[in-house]
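Note on naming: letters A, B, ... go to the chains in the order of the sequence lines (proteins, then strands), and numbering restarts at 1 for each one.
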Amino acid sequence: MKFKKTHDCGCLRISDVGQEVVLSGWVNVRRDHGGLIFVDLRDREGITQVVFNPQIDDAAHIIAHQLRSEYVIAVKGVVQARPLGTVNPNLITGQIEVLVYEVEILNTSKTPPFEIEDKLDASEDLRLRYRYLDLRRPKIQKNLIFRHHLCQKIREFLDRHRFIEIETPFLIKSTPEGARDYLVPSRVNPGRFYALPQSPQLFKQILMIAGFDRYFQIVRCFRDEDLRADRQPEFTQLDIEASFIDEEEIFELVEGLVVYIFREVLKREIQRPFFRLKYKEAMERFGTDKPDTRFGLEIVDVTEIVKESDFQVFKRAIEKGGQVKGIKVSSLEDISKGEIDYLTSLATLYGAKGLAYFKVKEGRCDSPIAKFFDADIQRRILDSLKAEEGDLLLFVADDFRIVSESLGNLRLHLGKRLNLIPDGTFEFLWVIHHPLVEYDEEEERFKAMHHPFTSPLAEDFPSLEKNPLEVRARAYDLILNGVEIGGGSIRIHQEEIQKQIFGLLGISPREAEEKFGFLLEAFTYGAPPHGGIALGLDRLLRIMLNLDSIREVIAFPKTQSATCLMTGAPFEATQQQLKELNIRLDLPCNGA
RNA sequence: GGGGCGGUGGUGUAGCUCGGUUUAACACAUCGGCCUGUCACGCCGAAGAUCGCGGGUUCAAAUCCCGUCCGCCCCGCCA
């Protein structure tokens with residue numbers, strides 16, 4: 001390099017006119033006028049127009065002829081105000097330009113497979129294959145820089161609240177329950193494996209026992225499950241745990257953190273305190289444990305009303321212990337048959353056997369099935385849903401889970417379809433008091449809904465033996481705009497209760513000893529009461545930046561089939577590697 | 001494991017439903033020429049695609065059928 005850069009490409013202003021500067025960056029675009037040549041020079045801070053004039057320096061002008069997109073260059077020149085009428089209001093540096101008298105080509109570039117600009121014109125697989133080029137796009141750079149600022153502010157806030165960041169190991173012991181683990185073979189211990197952590201759960205509890213009474217970590221977690229737009233096999237959590245703390249203090253802390261980061265990084269004020277909704281109420285009103293409360297369309301129970309109707313579908317569902325619920329959609333009476341069919345297919349996707357509908361016309365229910373409901377029942381249905389002329393009513397009859405899930409998802413679909421969801425708003429919500437356990441039909445046993453270390457609610461403790469499904473947990477999820485961005489609980493810190501829960505979950509004392517013996521033992525050495533929470537950083541960022549996928553806030557994300565298109569991971573291990581690890585492959589082969 | 005959408009010059013798309021007037025079209029990018037105030041530069045010209053891959057139907061396949069691979073969205077899964 002003949003000269004060192006003195007400024008970034010986004011910082012020069014009209015007040016810098018007259019200065020000699022050196023800029024380095026990538027050629028965004030070259031505009032050759034035969035005489036004058038303009039180059040938009042780009043670095044991560046912005047774009048500055050540099051001008052080559054043959055009358056100023058012929059040699060530089062000749063070199064400028066060779067410049068192509070994405071060449072890396074350094075230019076030395078003088079900042080000048082742009083001539084009248086040539087100011088570009090679309091650039092922050094648009095009032096000035098750099099008149100170049102010396103240029104050095106630091107590197108050439110092949111023509112990139114797609115243009116480096118914010119307007120997306122490349123498919124996602126191409127972007128991932130050439131991620132280093134994709135990452136040059138200002139929009140993606142902005143996302144990652146935003147992510148950096150967010151982490152800075154999180155650390156600042158938690159440090160100020162006396163939290164200590166401690167790293168926990170990645171090569172750990174597999175724990176039962178939860179997601180599928182990624183395994184790493186141990187070379188020095190033939191036949192044995194490490195698991196990559198799904199979260200630092202056990203270690204952060206151990207740190208509480210160790211006396212680090214306020215811990216946090218911005219940490220990678222790994223889960224070997226199928227991917228979604230908001231699920232990657234490796235993702236980042238803000239993991240927090242504290243001792244001598246209860247739910248109220250966790251809410252206080254996390255709400256304070258959220259208000260702080262939104263104010264500092266996004267310049268947005270978030271209202272406190274956040275709404276709180278009990279799990280049961282969330283399920284009943286919104287059909288989900290992570291309701292989007294930015295719009296209405298709440299679910300209404302009409303079981304008691306319609307059980308007296310002549311509609312066999314409803315009656316049978318109720319007789320089998322199920323229920324009938326509905327939602328009201330305003331002014332949709334002119335909905336097409338095709339769209340009703342689509343809504344029905346959506347409901348069946350979540351297990352519903354069908355979708356009943358009424359259109360409200362002249363104070364009555366208009367529907368192929370209306371004849372099964374006498375005038376009094378129709379009136380009571382309309383009353384309970386507060387239905388008015390022109391409304392569309394949709395009903396599902398089935399067990400609680402199917403009714404909730406299908407109507408909950410129908411509600412979400414209609415909210416989007418009818419533009420009921422306000423843009424650019426952030427609605428936080430605590431969902432609390434989840435059931436401690438749920439019943440797993442397949443395995444014929446209770447499973448922890450959160451994780452096996454979650455404390456039951458003290459007042460529900462007596463039901464633990466007789467009626468475990470009724471026991472609520474001291475758990476809480478943080479929901480933002482209908483997305484679960486965090487969850488946690490107050491933990492069990494007494495060995496006896498922990499053993500009792502393991503018993504409930506069908507984990508034998510022997511198995512518990514084998515899997516979590518170290519934790520149970522640690523509990524016997526003075527474990528303080530403690531609890532915590534983990535926030536999904538990628539999801540939080542995705543929503544803060546109003547993006548469709550967490551892949552846009554992760555520098556090197558994986559595809560849906562968990563591969564990296566840039567590096568080709570995962571790879572086929574060599575025979576040598578497998579031999580060292582004492583691993584022999586037994587792959588299913590096609591027809592051989 | 002299952003359902004849906006997509007794959008056509010370097011890139012993004014049209015063509016596919018009804019097989020043949022298609023010599024596969026358009027835009028951007030690329031290359032060459034001209035151009036001293038452009039910034040979506042402009043003008044003139046050029047090059048560039050056996051239509052993801054394999055098989056089948058047919059006189060004839062980008063187009064129809066079967067299989068397969070890749071990407072995306074979803075169900076299951078994700079304490």
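Nucleotides B/G6 and B/U13 have their C1' atoms positioned 12 Å apart, rounded to a whole Å. Between the C1' atoms of B/G33 and B/C5, the separation comes to 45 Å (whole Å). The gap from the C1' atom of B/A24 to that of B/C16 amounts to 12 Å, rounded to the nearest Å. The P atoms of B/G67 and B/A46 are separated by 45 Å, rounded to the nearest whole Å. For the C1' atoms, the distance from B/C28 to B/G19 is 31 Å, rounded to whole Å. As rounded to the nearest Å, B/G12 and B/C74 have C1' atoms that lie 26 Å from one another. Comparing the P positions of B/C66 and B/C77 gives a spacing of 30 Å, expressed to the nearest Å. Using atom C1' as the reference point in both B/U50 and B/U23, the two lie 14 Å apart (nearest Å).
Note on A/Q49: a base of the nucleic acid sits closer than 4.0 angstrom, heavy atoms only. Using a 4.0 Å heavy-atom cutoff across all strands shown, A/P113 reaches sugar-phosphate atoms only and no base atom. Looking at heavy-atom distances under 4.0 Å, A/I47 makes no contact with the nucleic acid at all. Residue A/T86 is classed as a base contact, given a heavy-atom separation below 4.0 Å to a base. Within the nucleic acid shown, A/R127 has no heavy atom closer than 4.0 Å to any nucleic acid atom. Nucleic acid contact for A/D224: none, since no nucleic acid atom lies under 4.0 Å from a heavy atom of the residue. If you check every strand for non-hydrogen atoms under 4.0 Å, A/R68 touches sugar and phosphate atoms only. In this structure, A/T563 reaches the sugar-phosphate backbone alone: every heavy-atom distance under 4.0 Å involves primed, P, OP1 or OP2 atoms, never a base. The residue A/Q198 sits apart from the nucleic acid: no heavy atom pair falls under 4.0 Å. Within the 4.0 angstrom heavy-atom criterion, no nucleotide atom of any strand lies near A/Q232. Within the nucleic acid shown, A/S561 comes within 4.0 Å of sugar-phosphate atoms alone, with no base atom in reach, counting heavy atoms only.
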Let's go through A/F516 and A/F453 carefully: what are the C-alpha distance in whole Å and the side-chain angles of both, what is the deciding distance for ring pair (Phe, Tyr, Trp, His ring centres under 6.0 Å) to 0.1 Å, and is it a yes or a no? CA-CA 11 Å; A/F516 316 101; A/F453 316 106; 5.3 Å; yes
What do the steps show when you test A/F38 against A/F52 for ring pair (Phe, Tyr, Trp, His ring centres under 6.0 Å), and what is the final call? CA-CA 6 Å; A/F38 298 96; A/F52 297 85; 9.6 Å; no
Check step by step if ring pair (Phe, Tyr, Trp, His ring centres under 6.0 Å) holds for A/H433 and A/Y279. CA-CA 6 Å; A/H433 294 180; A/Y279 171 88; over 10 Å; no
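With sequence neighbours excluded, the residues that form a ring-ring contact (aromatic ring centres under 6.0 Å, His included) with A/Y342 are A/H413. For A/R539, there are no side-chain hydrogen bond (donor to acceptor under 3.5 Å, both in side chains) partners at least two apart in sequence or on another chain.
Taking a pair to require two hydrogen-bonding distances under 3.5 Å in either a Watson-Crick or a G-U wobble arrangement, B/G71 pairs with B/C5. Pair assignment for B/C64 gives B/G56, based on Watson-Crick or G-U wobble hydrogen-bonding distances that are each under 3.5 Å. Of the nucleotides present, B/G10 is the one that pairs with B/C28 by Watson-Crick or G-U wobble criteria, both distances under 3.5 Å. Base pairing of B/C34 is made with B/G42, judged by Watson-Crick or G-U wobble geometry with both donor-acceptor distances under 3.5 Å.
The pair A/E234-A/K558 meets the salt-bridge criterion, with a side-chain N (NZ, NE, NH1 or NH2) lying under 4.0 Å from an Asp/Glu carboxylate O. Under the 4.0 Å criterion applied to side-chain N and carboxylate O atoms, A/E225 and A/R223 are not assigned as salt-bridge partners. Between A/D226 and A/R228, none of the side-chain N atoms (NZ, or NE/NH1/NH2) sits under 4.0 Å from a carboxylate O, so this pair counts as no salt bridge.
Nucleotides of RNA chain B lying under 4.0 Å from heavy atoms of chain A occupy a range whose first and last members, 5' to 3', are B/G1 to B/A79.
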